[in-house]
2 protein chains.
Amino acid sequence: MALGTGYEQQGCHLARALEVVGERWTLLILRDCFYGVRRFTDLREHLDISRAVLTDRLDTLVANGVLTREDSDGHPEYLLTETGRALWPTIFSLSKWGERHTSGPHPARLFSHAACDTDIDDVGHCHTCGEVPGPEDLVVRPGPGTNAMRRSDRVARALERPHRMLTPIDTASGPAGG
Amino acid sequence: MALGTGYEQQGCHLARALEVVGERWTLLILRDCFYGVRRFTDLREHLDISRAVLTDRLDTLVANGVLTREDSDGHPEYLLTETGRALWPTIFSLSKWGERHTSGPHPARLFSHAACDTDIDDVGHCHTCGEVPGPEDLVVRPGPGTNAMRRSDRVARALERPHRMLTPIDTASGPAGG
DNA sequence: CAGACTTGGTCTGGTGAACAGACCGGATCG
DNA sequence: CGATCCGGTCTGTTCACCAGACCAAGTCTG
């Protein structure tokens with residue numbers, strides 16, 4: 001619980017939202033889910049997060065209907081629900097803010113509208129189609145700021161190539177090291 | 001620091017953003033700043049937050065260029081910078097998400113475009129003007145979900161009436177109690 | 001000027017969360 | 001049958017948050 005019992009007094013939807021997704025690591029976990037990461041070990045390796053905390057966050061997200069936990073091939077897979085997918089504007093805008101205002105000027109990731117191959121702008125708008133595509137219609141690829149990332153885990157390696165959001169990350173293409 | 005030193009390995013703008021605004025209370029403080037709250041005591045009363053934590057969060061936000069600390073009439077005032085104002089889409093979308101997906105169906109606050117008096121939609125769009133107004137062009141007023149709030153502090157009372165965002169909250173209109 | 005009050009903090013002791021890392025049970029591989 | 005992978009749980013330490021006491025500067029009252 002990010003705010004203890006405070007949200008009751010707040011009576012505010014923002015406080016309630018922060019109860020669910022405002023804890024440490026949670027938005028980073030969800031960002032990875034949008035990228036297509038679905039498995040415990042992939043999340044753990046990519047985020048370098050403690051197992052206990054990852055377990056707790058996933059449990060919280062499942063309990064709040066943001067993720068589902070499904071068995072696939074004997075392994076659990078964590079998938080975004082519709083509620084979870086609705087967080088994309090928040091994650092996108094916060095990431096853009098970080099890019100603009102706290103980091104270097106170069107985006108680490110670029111997002112393009114899969115239907116027309118146009119890069120979306122800072123508010124997620126596709127100028128070719130005149131719409132704001134949902135995350136399922138976006139392709140993520142490395143941007144000029146990517147050199148800031150020196151991670152060699154399987155997720156980071158898979159994201160070195162363009163990848164359709166929400167489709168599974170291919171983590172079977174080789175060992176973690178490299 | 002919300003993520004310790006983790007953001008270095010992440011090389012990700014979202015992680016860097018969360019370093020700045022991802023700590024407990026921070027987004028609620030900033031929401032209040034958008035509403036026009038500027039003073040330490042008003043923030044403390046409205047959020048019911050410990051003095052030490054509020055001090056720490058304000059210092060962090062000032063140090064990261066999200067707020068400025070200025071003296072007005074002998075008292076410090078905390079004001080959003082341009083960088084801070086750029087967080088509005090994030091706060092708005094997360095609040096909308098909380099409204100839709102974690103709380104009741106009724107918005108606690110409604111936002112209208114001051115120029116044309118039209119309520120903005122869930123993505124912040126004004127259908128009359130065909131644009132997405134910035135926070136300085138919005139008026140906030142209580143919505144049908146407001147009854148969930150039973151706070152009687154001065155900020156809550158001031159927000160019982162429509163209020164132009166980013167203009168100072170009038171907290172001198174009476175004592176805190178009611 | 002004394003004394004009370006407001007404002008904007010700092011300091012302290014207790015509690016809960018996050019961390020690194022050990023351990024573990026089931027499945028799969030060789 | 002042992003080794004490895006996967007998805008966790010458990011443990012001891014560190015760290016952040018909390019309530020609440022304390023404090024200094026200003027300021028209102030007389």
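The analysis underlying the following values was restricted to heavy atoms, covering all of them including side chains, and did not include hydrogens, waters or symmetry mates. A, B, ... follow the sequence lines: proteins, then strands. Residue 1 opens every chain.
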Dot-bracket encoding per residue of DNA chain C, Watson-Crick/G-U cut-off under 3.5 Å, | denoting interstrand = ||||||||||||||||||||||||||||||
Whether [X] side chain and [Y] backbone form a donor-acceptor pair below 3.5 Å:
X         : Y         : answer
Thr68(B)  : Glu70(B)  : no
Arg164(A) : Glu136(A) : yes
Thr60(A)  : Asp56(A)  : yes
His163(B) : Ala158(B) : no
Arg109(B) : Pro142(B) : no
Ser95(A)  : Ile91(A)  : no
Arg57(B)  : Arg24(B)  : yes

Which nucleotide in the set [options] lies at the smallest distance from any side-chain heavy atom of [X]?
X        : options                  : value
Arg57(B) : dA16(D), dG8(D), dG8(C)  : dA16(D)
Arg39(B) : dC17(D), dG9(C), dG8(C)  : dG8(C)
Arg24(A) : dC19(C), dG7(D), dC17(D) : dC19(C)
Pro76(A) : dC19(C), dG7(D), dC6(D)  : dG7(D)

Are [X] and [N] close enough that a side-chain N or O sits under 4.0 Å from OP1 or OP2?
X        : N       : result
His75(A) : dG7(D)  : yes
Thr55(B) : dG8(C)  : no
Trp25(A) : dA17(C) : no

In residues 76-84 of chain A, what donor-acceptor pairs under 3.5 Å come from side-chain atoms, sequence neighbours left out?
| residue | atom | partner | partner atom | Å |
| --- | --- | --- | --- | --- |
| Tyr78(A) | OH | Arg69(A) | NE | 3.0 |
| Thr81(A) | OG1 | Gly65(A) | O | 2.5 |
| Thr81(A) | OG1 | Val66(A) | O | 3.0 |
| Thr81(A) | OG1 | Thr83(A) | N | 3.3 |
| Thr81(A) | OG1 | Gly84(A) | N | 3.1 |
| Thr83(A) | OG1 | His101(B) | ND1 | 3.3 |

Send over the distance from [X] [atom1] to [N] [atom2], rounded to a whole Å.
X        : N       : atom1 : atom2 : result
Ile29(A) : dG8(D)  : CD1   : C1'   : 14 Å
Asp56(A) : dG16(C) : CG    : C1'   : 12 Å
Asp59(B) : dC17(D) : CG    : P     : 13 Å
Asp42(B) : dG8(C)  : CG    : C1'   : 12 Å
Glu23(A) : dA16(D) : CD    : P     : 16 Å
Phe40(B) : dG8(C)  : CZ    : P     : 8 Å
Leu54(B) : dC17(D) : CG    : C1'   : 13 Å
Glu45(B) : dT6(C)  : CD    : C1'   : 11 Å

Specify whether Phe111(A) and Trp88(A) have parallel, tilted or perpendicular ring planes, treating 30° as the upper limit for parallel and 60° as the lower limit for perpendicular.
->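 It falls in the perpendicular class, over 60°.
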Can you check each nucleotide of nucleotides 21-30 of chain C against protein heavy atoms at under 4.0 Å and return B for base, S for sugar-phosphate only, - for none, in 5' to 3' order?
-> -B--------
Under a 4.5 Å cut-off applied to non-hydrogen side-chain atoms, are Val139(B) and Leu110(B) in contact?
->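 The answer is no, as the side chains (C-beta and beyond) never meet within the 4.5 Å cut-off.
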Tell me, please, which residues at least two apart from Ser72(A) pass side chain to side chain donor-acceptor pair (under 3.5 Å).
->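 Checked Ser72(A) against side chain to side chain donor-acceptor pair (under 3.5 Å); zero matches.
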Look at all strands and tell whether Arg44(B) reaches a base, only sugar-phosphate, or nothing, counting heavy atoms closer than 4.0 Å.
->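 The answer is nothing, as Arg44(B) stays clear of every strand by at least 4.0 Å.
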Interface with DNA chain D, restricted to residues 65-74 of chain A and to heavy atoms under 4.0 Å |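 Output list: Arg69(A).
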Where at least one partner belongs to residues 110-125 of chain B, residue pairs that pass salt bridge (charged side-chain N to carboxylate O under 4.0 Å, His left out), sequence neighbours excluded |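 Qualifying pairs, neighbours excluded: Lys96(B)-Asp122(B), Arg100(B)-Asp122(B), Asp119(B)-Arg141(B).
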